[in-house]
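This report concerns only the one structure given below.
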Amino acid sequence: MIRLVTKFPSVIPFLLAAILAISMAIPIFGMLPAMFGGAFIFAALVNLGIIWAAIDSLRGQLPRWVCLVPVLYFAGYYSALTMSYAHLRAVTAELSEFNEGKRAEFDPDNEQLVIRRSAFSVSDLMTQFTIPEVYTNSIDLSCGRFQSVSLTTEGCSFQARRDASRERCVSYRREISVSVRDQTRIALQNMCAVYEWGTPTKPTITVASKEIGYVGDHFVDFYLTNYEIDRGPEEPIVVKAASATLLAPFPMPLFGCFLNSARASWGCEFKFMRDRSRVVINGMKAVAAALGLKQASIEERFPDVKKCDKFARLCP
(Lines give C-alpha, C1' and ligand atoms only; values in the text may rest on other atoms or scores of the structure.)
Protein backbone atom coordinates (compact mmCIF):
# COMPACT_ATOMS: atom_id res chain seq x y z
CA MET A 1 0.00 0.00 0.00
CA ILE A 2 2.80 2.41 0.89
CA ARG A 3 4.57 1.57 -2.38
CA LEU A 4 1.35 2.23 -4.31
CA VAL A 5 0.85 5.60 -2.65
CA THR A 6 4.49 6.55 -3.24
CA LYS A 7 4.33 5.59 -6.91
CA PHE A 8 0.87 6.98 -7.61
CA PRO A 9 0.19 9.83 -5.12
CA SER A 10 -3.06 10.72 -6.90
CA VAL A 11 -4.72 7.72 -5.22
CA ILE A 12 -4.37 9.42 -1.80
CA PRO A 13 -7.66 11.40 -2.07
CA PHE A 14 -9.52 8.24 -3.12
CA LEU A 15 -8.08 6.27 -0.17
CA LEU A 16 -9.02 9.05 2.24
CA ALA A 17 -12.51 9.21 0.73
CA ALA A 18 -12.89 5.44 1.14
CA ILE A 19 -11.76 5.58 4.78
CA LEU A 20 -14.15 8.45 5.43
CA ALA A 21 -17.05 6.57 3.81
CA ILE A 22 -16.33 3.44 5.86
CA SER A 23 -16.19 5.48 9.07
CA MET A 24 -19.53 7.15 8.27
CA ALA A 25 -21.09 3.76 7.50
CA ILE A 26 -20.40 2.53 11.05
CA PRO A 27 -23.67 2.88 13.02
CA ILE A 28 -23.77 5.72 15.56
CA PHE A 29 -20.01 6.40 15.22
CA GLY A 30 -20.71 7.72 11.72
CA MET A 31 -22.55 10.67 13.23
CA LEU A 32 -19.23 12.15 14.34
CA PRO A 33 -17.72 12.76 10.86
CA ALA A 34 -21.17 13.81 9.65
CA MET A 35 -21.22 16.59 12.27
CA PHE A 36 -18.00 18.00 10.81
CA GLY A 37 -19.16 18.02 7.20
CA GLY A 38 -18.08 14.50 6.25
CA ALA A 39 -20.31 14.42 3.16
CA PHE A 40 -18.73 17.59 1.73
CA ILE A 41 -15.20 16.44 2.61
CA PHE A 42 -15.93 13.21 0.73
CA ALA A 43 -17.04 15.19 -2.35
CA ALA A 44 -13.95 17.41 -2.22
CA LEU A 45 -11.65 14.36 -1.97
CA VAL A 46 -13.29 12.62 -4.94
CA ASN A 47 -13.06 15.72 -7.13
CA LEU A 48 -9.47 16.30 -6.04
CA GLY A 49 -8.55 12.71 -6.87
CA ILE A 50 -10.08 12.89 -10.34
CA ILE A 51 -8.31 16.15 -11.21
CA TRP A 52 -5.02 14.98 -9.68
CA ALA A 53 -5.14 11.72 -11.65
CA ALA A 54 -5.66 13.68 -14.89
CA ILE A 55 -2.65 15.88 -14.13
CA ASP A 56 -0.47 12.82 -13.39
CA SER A 57 -1.66 11.29 -16.65
CA LEU A 58 -0.56 14.35 -18.62
CA ARG A 59 2.80 14.21 -16.86
CA GLY A 60 3.24 10.61 -17.90
CA GLN A 61 3.03 9.14 -14.39
CA LEU A 62 -0.23 7.38 -15.27
CA PRO A 63 -1.47 5.87 -18.56
CA ARG A 64 -2.84 8.40 -21.04
CA TRP A 65 -6.31 6.85 -21.02
CA VAL A 66 -6.71 8.07 -17.42
CA CYS A 67 -7.28 11.54 -18.93
CA LEU A 68 -10.61 10.24 -20.18
CA VAL A 69 -11.87 9.77 -16.60
CA PRO A 70 -12.36 13.50 -15.76
CA VAL A 71 -13.60 14.15 -19.30
CA LEU A 72 -16.29 11.49 -18.95
CA TYR A 73 -17.02 12.57 -15.38
CA PHE A 74 -17.61 16.25 -16.13
CA ALA A 75 -19.18 15.64 -19.57
CA GLY A 76 -21.62 13.15 -18.09
CA TYR A 77 -22.48 15.46 -15.21
CA TYR A 78 -23.12 18.54 -17.36
CA SER A 79 -25.11 16.43 -19.84
CA ALA A 80 -27.34 15.42 -16.94
CA LEU A 81 -27.56 19.05 -15.83
CA THR A 82 -28.61 20.09 -19.35
CA MET A 83 -31.25 17.34 -19.38
CA SER A 84 -32.54 18.55 -16.00
CA TYR A 85 -33.12 22.06 -17.37
CA ALA A 86 -34.93 20.62 -20.39
CA HIS A 87 -37.08 18.50 -18.05
CA LEU A 88 -37.75 21.57 -15.90
CA ARG A 89 -39.00 23.55 -18.90
CA ALA A 90 -41.22 20.66 -20.01
CA VAL A 91 -42.83 20.22 -16.59
CA THR A 92 -43.28 23.98 -16.20
CA ALA A 93 -45.09 24.13 -19.53
CA GLU A 94 -47.23 21.13 -18.56
CA LEU A 95 -48.27 22.65 -15.22
CA SER A 96 -48.93 26.06 -16.79
CA GLU A 97 -51.15 24.41 -19.40
CA PHE A 98 -53.00 22.53 -16.65
CA ASN A 99 -53.70 25.77 -14.75
CA GLU A 100 -54.62 27.73 -17.86
CA GLY A 101 -58.27 28.63 -18.04
CA LYS A 102 -59.12 27.49 -14.50
CA ARG A 103 -61.49 30.15 -13.23
CA ALA A 104 -63.66 30.50 -10.13
CA GLU A 105 -64.38 34.22 -10.29
CA PHE A 106 -64.43 35.59 -6.76
CA ASP A 107 -66.77 38.52 -6.01
CA PRO A 108 -65.47 40.27 -2.85
CA ASP A 109 -68.69 42.30 -2.54
CA ASN A 110 -70.94 39.25 -2.29
CA GLU A 111 -68.59 36.43 -1.25
CA GLN A 112 -65.92 35.78 1.37
CA LEU A 113 -62.70 33.83 0.91
CA VAL A 114 -61.79 31.08 3.38
CA ILE A 115 -58.31 29.56 3.28
CA ARG A 116 -58.31 26.31 5.26
CA ARG A 117 -54.87 24.95 4.49
CA SER A 118 -52.28 26.84 2.53
CA ALA A 119 -48.63 26.56 1.61
CA PHE A 120 -48.41 30.33 1.12
CA SER A 121 -48.76 33.28 3.47
CA VAL A 122 -52.17 34.92 3.74
CA SER A 123 -50.52 38.28 4.44
CA ASP A 124 -48.48 37.91 1.22
CA LEU A 125 -51.71 37.32 -0.71
CA MET A 126 -53.29 40.42 0.82
CA THR A 127 -50.28 42.68 0.25
CA GLN A 128 -49.99 41.73 -3.43
CA PHE A 129 -53.63 41.45 -4.49
CA THR A 130 -56.72 43.57 -3.98
CA ILE A 131 -58.74 41.65 -1.42
CA PRO A 132 -60.16 43.36 1.69
CA GLU A 133 -60.54 40.36 3.98
CA VAL A 134 -59.62 36.68 4.20
CA TYR A 135 -60.85 34.05 6.65
CA THR A 136 -58.56 31.32 7.89
CA ASN A 137 -59.11 28.14 9.85
CA SER A 138 -57.85 28.86 13.35
CA ILE A 139 -59.78 26.58 15.66
CA ASP A 140 -59.87 27.73 19.28
CA LEU A 141 -62.22 25.94 21.68
CA SER A 142 -63.16 29.15 23.45
CA CYS A 143 -62.98 31.62 20.56
CA GLY A 144 -64.32 29.86 17.48
CA ARG A 145 -63.37 28.14 14.23
CA PHE A 146 -62.44 31.06 12.00
CA GLN A 147 -60.33 34.18 12.04
CA SER A 148 -60.72 37.07 9.67
CA VAL A 149 -57.54 38.78 8.48
CA SER A 150 -57.46 42.35 7.17
CA LEU A 151 -54.82 45.03 6.71
CA THR A 152 -54.76 48.45 8.32
CA THR A 153 -52.44 51.37 8.92
CA GLU A 154 -54.19 52.41 12.13
CA GLY A 155 -53.10 51.32 15.58
CA CYS A 156 -49.97 49.55 14.35
CA SER A 157 -47.42 50.95 16.76
CA PHE A 158 -45.54 48.46 18.92
CA GLN A 159 -47.42 49.54 22.04
CA ALA A 160 -50.82 49.31 20.31
CA ARG A 161 -50.04 45.83 18.98
CA ARG A 162 -48.87 44.68 22.40
CA ASP A 163 -52.01 46.01 24.09
CA ALA A 164 -54.27 44.40 21.49
CA SER A 165 -52.56 41.02 21.90
CA ARG A 166 -53.73 40.91 25.53
CA GLU A 167 -57.41 40.85 24.54
CA ARG A 168 -58.71 37.30 24.42
CA CYS A 169 -61.00 36.32 21.53
CA VAL A 170 -61.33 39.91 20.29
CA SER A 171 -58.47 40.80 17.97
CA TYR A 172 -54.75 41.14 17.79
CA ARG A 173 -52.33 42.71 15.37
CA ARG A 174 -49.09 41.56 13.86
CA GLU A 175 -46.41 43.45 12.01
CA ILE A 176 -46.19 42.31 8.40
CA SER A 177 -43.57 42.45 5.70
CA VAL A 178 -43.41 42.11 1.93
CA SER A 179 -40.95 40.15 -0.15
CA VAL A 180 -38.71 41.78 -2.73
CA ARG A 181 -36.95 40.36 -5.76
CA ASP A 182 -33.80 39.18 -4.01
CA GLN A 183 -35.95 37.07 -1.63
CA THR A 184 -35.39 39.37 1.33
CA ARG A 185 -38.32 40.82 3.23
CA ILE A 186 -39.01 44.49 3.95
CA ALA A 187 -41.08 45.39 7.00
CA LEU A 188 -44.11 47.66 6.63
CA GLN A 189 -43.48 50.03 9.48
CA ASN A 190 -46.96 51.53 9.89
CA MET A 191 -49.08 48.62 8.65
CA CYS A 192 -50.27 45.51 10.47
CA ALA A 193 -52.55 42.56 9.94
CA VAL A 194 -55.66 42.49 12.14
CA TYR A 195 -56.84 39.05 13.27
CA GLU A 196 -60.38 38.77 14.61
CA TRP A 197 -62.37 35.68 15.53
CA GLY A 198 -65.66 35.45 13.70
CA THR A 199 -67.76 33.49 11.23
CA PRO A 200 -68.19 34.33 7.54
CA THR A 201 -71.56 36.02 6.95
CA LYS A 202 -71.66 35.68 3.15
CA PRO A 203 -71.38 32.74 0.75
CA THR A 204 -67.82 31.42 0.84
CA ILE A 205 -65.17 30.19 -1.56
CA THR A 206 -62.77 27.82 0.17
CA VAL A 207 -59.12 27.23 -0.76
CA ALA A 208 -57.34 24.18 0.63
CA SER A 209 -53.90 22.84 -0.27
CA LYS A 210 -52.89 19.22 -0.55
CA GLU A 211 -49.19 18.46 -0.63
CA ILE A 212 -48.40 15.71 -3.13
CA GLY A 213 -44.74 15.53 -2.12
CA TYR A 214 -41.56 14.94 -4.10
CA VAL A 215 -41.82 13.60 -7.62
CA GLY A 216 -38.85 13.34 -9.95
CA ASP A 217 -35.88 11.40 -11.20
CA HIS A 218 -32.12 11.42 -10.76
CA PHE A 219 -31.78 14.80 -12.48
CA VAL A 220 -34.47 17.01 -10.94
CA ASP A 221 -36.90 16.74 -8.02
CA PHE A 222 -40.27 18.47 -8.01
CA TYR A 223 -42.29 19.23 -4.89
CA LEU A 224 -45.92 19.39 -5.99
CA THR A 225 -48.88 21.01 -4.24
CA ASN A 226 -52.51 20.92 -5.38
CA TYR A 227 -54.90 23.73 -4.46
CA GLU A 228 -58.61 22.95 -4.45
CA ILE A 229 -60.93 25.94 -4.87
CA ASP A 230 -64.42 25.00 -3.72
CA ARG A 231 -67.52 27.20 -3.82
CA GLY A 232 -70.10 24.65 -2.67
CA PRO A 233 -72.20 22.38 -4.87
CA GLU A 234 -69.95 22.79 -7.91
CA GLU A 235 -66.98 20.51 -8.59
CA PRO A 236 -63.83 21.98 -6.97
CA ILE A 237 -61.34 23.64 -9.28
CA VAL A 238 -57.79 22.34 -8.92
CA VAL A 239 -54.65 24.32 -9.72
CA LYS A 240 -51.13 23.01 -9.29
CA ALA A 241 -48.00 24.61 -7.83
CA ALA A 242 -44.47 23.28 -7.78
CA SER A 243 -40.92 23.96 -6.70
CA ALA A 244 -37.88 22.17 -8.06
CA THR A 245 -34.32 21.34 -7.10
CA LEU A 246 -31.77 20.73 -9.85
CA LEU A 247 -28.22 19.48 -9.81
CA ALA A 248 -25.69 21.97 -8.48
CA PRO A 249 -23.64 23.98 -11.05
CA PHE A 250 -20.47 22.07 -10.02
CA PRO A 251 -20.43 18.30 -9.41
CA MET A 252 -20.37 17.45 -5.71
CA PRO A 253 -20.72 13.68 -5.11
CA LEU A 254 -22.02 13.41 -1.55
CA PHE A 255 -21.92 10.34 0.66
CA GLY A 256 -23.59 10.36 4.04
CA CYS A 257 -25.21 8.07 6.59
CA PHE A 258 -28.08 8.73 8.93
CA LEU A 259 -30.46 7.06 11.35
CA ASN A 260 -33.67 6.02 9.61
CA SER A 261 -36.26 6.53 12.33
CA ALA A 262 -39.05 4.92 10.29
CA ARG A 263 -37.22 1.59 10.04
CA ALA A 264 -35.00 1.99 13.09
CA SER A 265 -31.87 1.35 11.01
CA TRP A 266 -28.65 3.05 9.98
CA GLY A 267 -28.75 3.94 6.29
CA CYS A 268 -26.27 5.44 3.84
CA GLU A 269 -26.90 7.38 0.67
CA PHE A 270 -24.81 8.51 -2.27
CA LYS A 271 -26.02 11.32 -4.50
CA PHE A 272 -24.90 14.49 -6.22
CA MET A 273 -25.60 17.72 -4.39
CA ARG A 274 -28.64 19.69 -5.50
CA ASP A 275 -28.94 23.42 -5.97
CA ARG A 276 -31.30 25.42 -3.78
CA SER A 277 -35.01 24.98 -4.37
CA ARG A 278 -36.62 27.28 -6.91
CA VAL A 279 -40.29 28.09 -7.46
CA VAL A 280 -41.58 26.68 -10.75
CA ILE A 281 -45.26 27.53 -10.43
CA ASN A 282 -46.13 29.99 -7.67
CA GLY A 283 -49.09 28.58 -5.72
CA MET A 284 -50.30 31.94 -4.45
CA LYS A 285 -50.31 33.48 -7.94
CA ALA A 286 -51.98 30.39 -9.43
CA VAL A 287 -54.79 30.61 -6.84
CA ALA A 288 -55.11 34.39 -7.30
CA ALA A 289 -55.37 33.95 -11.08
CA ALA A 290 -58.08 31.30 -10.68
CA LEU A 291 -60.00 33.59 -8.32
CA GLY A 292 -59.64 36.55 -10.68
CA LEU A 293 -57.93 38.72 -8.06
CA LYS A 294 -56.45 41.98 -9.28
CA GLN A 295 -52.77 42.43 -8.57
CA ALA A 296 -51.84 45.75 -6.97
CA SER A 297 -48.84 46.92 -5.02
CA ILE A 298 -49.22 47.83 -1.38
CA GLU A 299 -48.31 51.46 -2.20
CA GLU A 300 -51.23 51.71 -4.65
CA ARG A 301 -53.73 50.57 -2.02
CA PHE A 302 -52.17 52.29 1.01
CA PRO A 303 -50.30 55.41 -0.20
CA ASP A 304 -49.16 56.31 3.33
CA VAL A 305 -47.43 52.98 4.02
CA LYS A 306 -43.77 53.16 5.05
CA LYS A 307 -41.23 50.46 4.32
CA CYS A 308 -38.06 49.78 6.26
CA ASP A 309 -35.35 47.15 6.07
CA LYS A 310 -34.79 45.67 9.50
CA PHE A 311 -31.60 43.91 8.43
CA ALA A 312 -30.17 47.21 7.23
CA ARG A 313 -31.28 48.79 10.52
CA LEU A 314 -33.41 51.41 8.79
CA CYS A 315 -36.41 50.90 11.09
CA PRO A 316 -36.82 53.40 13.90
Side-chain angles (χ1 to χ4, degrees), residues 1-59 61-88 91 211-224 242-278 280:
M1 180 65 71
I2 297 177
R3 184 178 299 179
L4 176 65
V5 171
T6 304
K7 187 174 182 180
F8 304 109
S10 57
V11 303
I12 294 176
F14 295 110
L15 291 175
L16 294 176
I19 294 172
L20 180 60
I22 293 172
S23 66
M24 287 191 292
I26 300 174
I28 308 303
F29 175 79
M31 297 177 64
L32 184 61
M35 292 172 57
F36 293 95
F40 296 97
I41 296 174
F42 176 88
L45 289 172
V46 171
N47 286 335
L48 175 62
I50 291 174
I51 296 173
W52 194 347
I55 294 174
D56 283 354
S57 175
L58 294 175
R59 290 178 176 176
Q61 297 177 355
L62 290 174
R64 289 285 178 161
W65 62 264
V66 176
C67 287
L68 294 176
V69 174
V71 173
L72 295 175
Y73 174 69
F74 286 103
Y77 182 85
Y78 285 107
S79 296
L81 184 60
T82 302
M83 292 174 62
S84 70
Y85 276 102
H87 188 37
L88 175 65
V91 172
E211 296 181 354
I212 305 301
Y214 282 100
V215 178
D217 51 32
H218 297 292
F219 301 140
V220 56
D221 289 334
F222 292 94
Y223 191 83
L224 302 179
S243 59
T245 52
L246 288 80
L247 294 170
F250 186 80
M252 290 287 287
L254 304 178
F255 179 85
C257 300
F258 51 89
L259 181 63
N260 189 336
S261 57
R263 298 181 180 179
S265 61
W266 187 257
C268 298
E269 185 180 14
F270 175 83
K271 66 177 182 179
F272 281 91
M273 188 174 77
R274 301 299 176 112
D275 202 359
R276 65 182 181 178
S277 178
R278 63 184 68 189
V280 177

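For the numbers below, each heavy atom of this structure counts, side chains included, while hydrogens, waters and symmetry mates do not. What you see is a predicted model; the values in this text were computed from it and never measured.
Every residue meeting the side chain to side chain donor-acceptor pair (under 3.5 Å) condition with Tyr73, not counting sequence neighbours, appears here in chain and number order: Asn47. When the disulfide (SG to SG under 2.5 Å) test is applied to Cys67, no partner is found at least two apart in sequence or on another chain. With sequence neighbours left out, Tyr214 forms a ring-ring contact (aromatic ring centres under 6.0 Å, His included) with Tyr223. Shown here are the side chain to side chain contact (heavy atoms under 4.5 Å, CB included) partners of Ala80, two or more places apart in sequence or in another chain: Phe219, Leu247. Under the side chain to side chain contact (heavy atoms under 4.5 Å, CB included) criterion, Ala248 pairs with Tyr77, Met273, not counting sequence neighbours.
In this structure, Phe272 and Pro251 approach most closely via the heavy-atom pair CE2-CB, 4.2 Å. When every heavy atom of Pro13 is checked against every heavy atom of Leu45, the shortest pair comes out as CB-O, 3.2 Å. Pairing each heavy atom of Ala75 with each of Ser79, the nearest pair is O-OG, 2.7 Å. Scanning both residues, Val280 and Ala244, for their nearest heavy atoms gives CG2-CB, 3.5 Å. Of all non-hydrogen atoms in Thr245 and Arg274, the two that sit nearest each other are O-NH1, 3.5 Å. Residues Val220 and Phe222 approach most closely at CG1-CE1, 3.7 Å, considering heavy atoms.
Heavy-atom neighbours of Phe40 CZ from other residues, nucleotides or ligands within 6.0 Å: at or below the threshold of 12.
A distance of 10.0 Å separates OG of Ser243 from CG of Asp221, quoted to the nearest 0.5 Å. Note: Ser10 OG to Leu48 CG = 9.5 Å, rounded to the nearest 0.5 Å. From Leu72, atom CG reaches atom CD1 of Ile50 across 10.5 Å, with rounding to the nearest 0.5 Å.
Taking the side chain as every heavy atom from C-beta outward, Asp275 and Pro249 approach each other to under 4.5 Å. In this structure, the side chains of Met24 and Leu32 stay at 4.5 Å or more apart for every pair of heavy atoms. Between Trp52 and Pro9, the closest side-chain pair of non-hydrogen atoms falls below 4.5 Å.
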Exercise for review: Carefully, step by step, assess Leu246 and Arg278 under the rule side chain to side chain contact (heavy atoms under 4.5 Å, CB included).
Suggested key: CA-CA 9 Å; Leu246 288 80; Arg278 63 184 68 189; 3.8 Å; yes
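The ring pair (Phe, Tyr, Trp, His ring centres under 6.0 Å) pairs that include a residue from residues 10-36 number zero, where partners must be two or more places apart or lie in different chains.
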